[in-house]
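Atoms considered below: every heavy atom in the structure, side chains included; atoms not considered: hydrogens, waters and symmetry mates. Keep in mind that what you see is a predicted model, and the values were worked out from it rather than measured.
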Amino acid sequence: MAPEKILNTIETLEELANSVPAELREDDALRQRLLNAVQKLVPEVETPAEMSQRLLYVPCEIMGAKIGVDLDVFSMLADSKEALSTEQLTERTGAEPALLSRLLQYMASVGQVKEAGTGEWSASNTTRVLADRNFAAGVNHKHDNVMPGWHTLPSWLKRRGYKTPITKEDTPFAQGHGASPDQSFFGWLKEHPANAKEFNLFMGVHRTGEKTWLDQKELGDALLSHGQDAPTNGNKDGNVAFVDIGGGIGHQCLALKEKYPELAGRIVLQDLPEVVRQANVGDAINAMGVNFFDGQPVKGARVYYLRSILRNWPDGESEKILGHIRDAMAPDSLLYIDEIVLPNRGAGKLETQLDMTMLCMLNGEARTESHWYGLLEGLGFKVKDIVMYQNEGCEGIIVASKA
């Protein structure tokens, strides 16, 4: 590439960094293309010293975000129409001025806030995101709940001889928090309600703005048409159209009902009794307290649905969950597994860092396409299709039936 073209490219990138045009924000495919290009470019052009600085100080970014959340400076800046001085922020936070200035300087260097002038600070795009209470909860969750597991993973792997965990016990999370090896993350949350609150707040929004399986017309059409020639669909419990297994308080059931009000048959929400008691789903959806390790009480439903469940469990536990569903399915029932499906080659950062997090927290796993085929076929399922609905993050629906 000619030096003049390189210079023009740099100037264009500088212009974009100073003022992102509305067209780029509105065209998500174009925005993602630019983001991917910039992220790929950074490690290719940085020097070894620059690479070392970037890699070795990555934890400082969540550290800075956590401090900003604790001090509530992101909300203060996002709510202000004008830049705020260090002195003004000192009055509101109670922090010592010189120390607060140092903290804000670091936050500005990584884009968490903007340095509007000497000793003056304003909101950046990141500031406005972290000012949202729900996304701030994500910082609290990752810093307080997850980071001890991340930190422990190398020594945990070494202690266990670098072998894939096959049970849910003895997680990096438990080791990092100094908990008993049989203490699970979700069990620990019950004992730490403040941590559980942050986790639940973040889980409610962490996929905000992303596409869902309901955006894929063929999946909805299959649900609407499947079994219409046989009204009971072989269903011993009546005409059940959809069973959301481990469905929390019913977000997916409600979204399905809104998307397809014409759907014939019952919609069933299943989760632990203490969870479904919190579900406000009305009479149109049947809430049922069920532990998915104890069996599947609804027989012969049209579609059984699992969303982000199996990533939480190693293969041994996943086989138990799937086995109960298989035994409950009629010959024409379908299984929809709403999950990460990693490509067999070329997986990206977003999905692989989640894979590492699932390993740390739950001995879980984000599985590759070939892994999914092997797991399901080994249990007597036939994979009929894999429908990707969110390319970023590799989220899709694995459609399976009994073999």
Side-chain angles (χ1 to χ4, degrees), residues 17-20 25 35 53-152 173 176-179 185 188-209 350 353-354 357 360-361:
N18 289 328
S19 179
V20 178
R25 295 192 186 279
L35 183 62
Q53 285 286 318
R54 175 177 57 81
L55 179 64
L56 299 181
Y57 290 92
V58 164
C60 287
E61 294 198 33
I62 193 167
M63 173 195 73
K66 172 63 174 169
I67 294 169
V69 167
D70 287 348
L71 289 172
D72 203 29
V73 294
F74 300 131
S75 296
M76 295 174 189
L77 293 174
D79 291 342
S80 178
K81 295 181 180 179
E82 299 177 347
L84 297 177
S85 67
T86 303
E87 290 72 21
Q88 288 173 305
L89 290 171
T90 293
E91 292 175 3
R92 300 186 188 187
T93 63
E96 191 268 327
L99 178 60
L100 182 59
S101 179
R102 292 169 61 192
L103 296 172
L104 290 166
Q105 283 178 335
Y106 172 73
M107 294 178 203
S109 74
V110 293
Q112 293 175 1
V113 302
K114 281 185 178 179
E115 192 169 13
T118 303
E120 293 185 331
W121 316 94
S122 62
S124 66
N125 184 50
T126 302
T127 306
R128 286 182 280 272
V129 172
L130 295 178
D132 184 295
R133 176 66 183 89
N134 298 296
F135 285 103
V139 173
N140 291 331
H141 165 58
K142 295 299 182 185
H143 184 275
D144 298 342
N145 301 343
V146 179
M147 279 192 73
W150 282 342
H151 177 73
T152 301
F173 166 83
H177 282 269
F185 169 58
W188 183 86
L189 285 180
K190 291 181 180 179
E191 300 173 3
H192 297 80
N195 298 73
K197 178 181 179 181
E198 300 305 300
F199 170 75
N200 289 326
L201 280 172
F202 179 55
M203 288 298 103
V205 301
H206 80 293
R207 293 169 78 169
T208 297
L350 184 63
Q353 66 189 14
L354 179 57
T357 302
C360 286
M361 302 302 287

Minimum heavy-atom distance Val113-Phe74, with the two atoms named: CG1-CE2, 3.9 Å
Would you give the length of the straight line joining atom CG of Leu77 to atom CD of Glu82, rounded to the nearest 0.5 angstrom? 12.5 Å
Can you see which heavy atom on Ala65 is nearest to which on Val139, and at what distance? C-CG1, 3.8 Å
Between Val73 and Leu103, is there a side-chain heavy-atom distance shorter than 4.5 Å? no
Hey, what do you get for CG (Asn145) to OG1 (Thr357), rounding to the nearest 0.5 Å? 12.0 Å
Which word best sums up how the rings of His141 and Phe185 line up, parallel for under 30°, tilted for 30 to 60°, or perpendicular for over 60°? tilted
Taking all non-hydrogen atoms of both residues, which atom of Gly149 and which atom of Cys360 are closest, and how far apart? O-SG, 3.6 Å
Output every pair passing side-chain hydrogen bond (donor to acceptor under 3.5 Å, both in side chains) with a member in residues 104-123, not counting sequence neighbours, ordered by first then second residue. Thr86-Trp121
Going by the side-chain hydrogen bond (donor to acceptor under 3.5 Å, both in side chains) test, which pairs reach into residues 61-70, not counting sequence neighbours? Lys66-Asp70, Lys66-Asn140, Lys66-Asp144
Residues in salt bridge (Lys or Arg N to Asp or Glu O under 4.0 Å) contact with Arg128, at least two apart in sequence or another chain: none
Where do Asn200 and Leu189 land on the side chain to side chain contact (heavy atoms under 4.5 Å, CB included) test, with the steps shown first? CA-CA 10 Å; Asn200 289 326; Leu189 285 180; 5.8 Å; no
If I take atom CZ from residue Phe199 and atom NZ from residue Lys142, how far apart are they, to the nearest 0.5 angstrom? 9.0 Å
Enumerate the residue pairs fulfilling side-chain hydrogen bond (donor to acceptor under 3.5 Å, both in side chains) with a member in residues 90-100, sequence neighbours excluded, ordered by first and then second residue. none
What pairs with His143 under ring pair (Phe, Tyr, Trp, His ring centres under 6.0 Å), at least two apart in sequence or on another chain? none
Could you state the interatomic distance from CE (Met63) to CE (Met147), rounded to the nearest 0.5 Å? 9.5 Å
Examine distances only and state if a side-chain atom of Ser124 and a backbone atom of Thr127 form a donor-acceptor pair shorter than 3.5 Å. yes
Can you establish whether the number of heavy atoms outside Arg102 located under 6.0 Å from its atom CZ is more than 12? no
Which class fits the ring pair His177 and Trp188: parallel under 30°, tilted 30 to 60°, perpendicular over 60°? tilted
Return the set of residues passing side chain to side chain donor-acceptor pair (under 3.5 Å) with Asn125 (not counting sequence neighbours), or none when no residue passes. none
Would Met107 and Ile67 count as a side chain to side chain contact (heavy atoms under 4.5 Å, CB included) if you check the C-alpha gap in whole Å, the side-chain angles of each, and the deciding distance to 0.1 Å? CA-CA 10 Å; Met107 294 178 203; Ile67 294 169; 4.1 Å; yes
Test item: Ser101 side-chain N/O and Pro97 main-chain N/O as donor-acceptor pair under 3.5 Å: no
Exam field: side chain Thr152 to backbone Pro148, donor-acceptor pair closer than 3.5 Å: yes
